[in-house]
Protein chains: 2
Amino acid sequence: MSEHPAVARFVAYLREQNLPVTAQRLAIAQTLLSSERHLSADEVAAEVARGGARVGTATVYRTIDTLLASGLLVERDFGEGFRRFEPARDIPHHEHLVCDQCGRVEEFRDERLERMTTIVAESRGFARQRHRLVIHGICQACQRGGPRLP
Amino acid sequence: MSEHPAVARFVAYLREQNLPVTAQRLAIAQTLLSSERHLSADEVAAEVARGGARVGTATVYRTIDTLLASGLLVERDFGEGFRRFEPARDIPHHEHLVCDQCGRVEEFRDERLERMTTIVAESRGFARQRHRLVIHGICQACQRGGPRLP
DNA sequence: ATAAATGCAAAGGGTTTGCAAAGGC
DNA sequence: GCCTTTGCAAACCCTTTGCATTTAT
């Protein structure tokens with residue numbers, strides 16, 4: 001597994017903030033920032049462990065906080081009772097499409113939604129700050145064959 | 001405080017299911033089904049207590065489960081780390097506008113969103129089932145004066 | 001009288017925090 | 001060497017569960 005470019009940016013961030021660059025932070029950042037999936041804190045610890053290293057739960061959470069502060073990571077809540085995280089991409093904002101059978105998560109972007117939410121909020125006196133849209137359904141794979149675990 | 005019509009429907013549901021109609025269930029149902037706000041389990045217990053009666057936490061949660069099963073109550077997750085509940089109305093579906101300062105929740109409905117989410121889902125091979133949109137911002141009251149606790 | 005609901009307290013999951021030990025800088 | 005991070009375990013919050021007691025039917 002090669003180092004993800006975003007990890008280099010995280011190292012730069014740590015240096016800027018005069019924060020030590022530790023093996024644990026690198027392992028966690030590498031796992032989180034290079035993942036295609038939306039990982040939970042637990043999954044991060046497990047993933048790092050599979051790579052040989054081992055990190056404590058507290059360290060995972062604290063490093064996640066640092067990553068969130070750096071802006072390189074974004075947190076998501078799919079109503080599972082715990083949070084998931086994904087690398088911040090250049091996409092300004094995107095919505096999620098969740099398969100209720102296999103848990104697969106797809107992303108998409110739609111300008112109209114952005115405008116629509118602003119209009120609706122303002123029409124009710126709200127100063128809009130952000131929004132969150134999740135569409136639930138069954139993905140193509142699950143519609144055909146059986147589901148496959150993520 | 002007069003009995004809300006939905007409470008009568010809950011009593012009917014309990015009888016259908018051969019479940020005892022207890023004072024606690026009635027108090028909880030009355031509080032939850034007649035509320036204009038989105039209450040948490042804690043707030044339900046507090047609200048009932050203000051009415052003189054007292055109910056245990058477990059009973060609140062168990063009655064909420066029954067209310068959810070009856071279809072008279074709907075649960076919502078605004079990412080606060082706990083659930084809120086609202087009476088199921090005849091409105092087929094509605095979105096939420098949340099004030100990040102005072103926690104106030106407003107509801108609205110928009111046909112275009114319904115259509116738009118279906119189109120987006122289908123364009124990506126998903127069989128759409130439902131969606132959930134929450135717009136966060138600052139409400140009019142909080143924009144002017146200070147915030148007021150809910 | 002019987003079977004179920006209640007309340008309390010303890011357990012349970014995800015997350016945070018306190019503190020001694022380990023390790024960057 | 002100083003100061004931060006780490007890991008462990010205890011603490012926390014919301015929610016669920018076990019069990020003796022109360023209560024609707």
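Just so it is clear: chains get the letters A, B, ... in the order the sequence lines come, proteins before strands, and each one is counted from 1. Nothing here was measured: the structure is a model prediction, and the numbers come from that model.
Rounded to whole Å, atom P of C:dA5 lies 10 Å from atom CG of B:Leu14. Atom P of nucleotide D:dC14 and atom CZ of B:Arg84 are separated by 11 Å, given to the nearest angstrom. Computed from coordinates, the A:Glu75 CD to C:dG14 P distance equals 16 Å when rounded to whole Å. The nearest whole Å value for the distance from the CG atom in B:Asp65 to the C1' atom in C:dA4 is 16 Å. Atom-to-atom, CD of B:Glu43 to C1' of D:dC14 comes out at 13 Å; the value is rounded to the nearest Å. In this entry the distance linking CD of A:Glu80 with C1' of D:dC14 reads 17 Å, nearest Å. In this structure, the CG atom of A:Leu68 is 12 Å from the P atom of C:dT15, given to the nearest Å. Rounded to a whole Å, the CD1 atom of A:Ile64 is 16 Å from the P atom of D:dT5.
Here the nucleotide nearest the side chain of A:Arg15, chosen from D:dT25, D:dG7, C:dC25, is C:dC25. Proximity note for A:Thr63 (side chain, C-beta onward) versus C:dC25, D:dC8, D:dT6: the nearest is D:dT6. Residue B:Pro20 has its side chain nearest to D:dA24 when only D:dG7, C:dG24, D:dA24 are considered. The side chain of B:Arg62 sits closest to C:dT6 out of C:dA5, C:dT6, C:dA9.
When the side-chain nitrogen and oxygen atoms of A:Arg25 are compared with OP1 and OP2 of C:dG23, none of them lie within a distance under 4.0 Å. Contact between the side-chain N/O atoms of A:Thr59 and the OP1/OP2 oxygens of D:dG7 is found at a separation under 4.0 Å. For C:dT6, the OP1/OP2 oxygens have a side-chain nitrogen or oxygen of B:Thr22 closer than 4.0 Å. For C:dA22, neither phosphate oxygen OP1 nor OP2 lies less than 4.0 angstrom from any side-chain nitrogen or oxygen of A:Gln24.
Contact annotation for B:Tyr61: base contact, defined as any heavy-atom pair under 4.0 Å involving a base atom.
Relative to the ring axis of B:Phe78, B:Arg104 does not place its NZ or CZ within 45° and under 6.0 Å from the centre.
Remark: the B:Arg54 side chain and the C:dG7 base include no donor-acceptor N/O pair separated by less than 3.5 Å.
In A:Asp65, the CG atom is crowded: over 12 heavy atoms of neighbouring residues, nucleotides or ligands sit closer than 6.0 Å.
Remark: of the listed residues A:Leu33, A:Leu32, A:Leu39, A:Leu32 is the sole one forming a side chain to side chain contact (heavy atoms under 4.5 Å, CB included) with A:Phe85.
The aromatic rings of B:His94 and B:His96 lie perpendicular to each other, with more than 60° between the two planes, well past the 30° mark.
One finds a salt bridge joining A:Arg84 and A:Glu43 here, because a Lys/Arg side-chain nitrogen approaches an Asp/Glu carboxylate oxygen to under 4.0 Å.
In terms of position on DNA chain D, the residue among B:Ala58 and B:Phe82 whose nearest nucleotide sits closer to the 5' end is B:Phe82. With DNA chain D read from its 5' end, the first of the two nearest nucleotides for B:Thr57 and B:Val21 is the one closest to B:Thr57.
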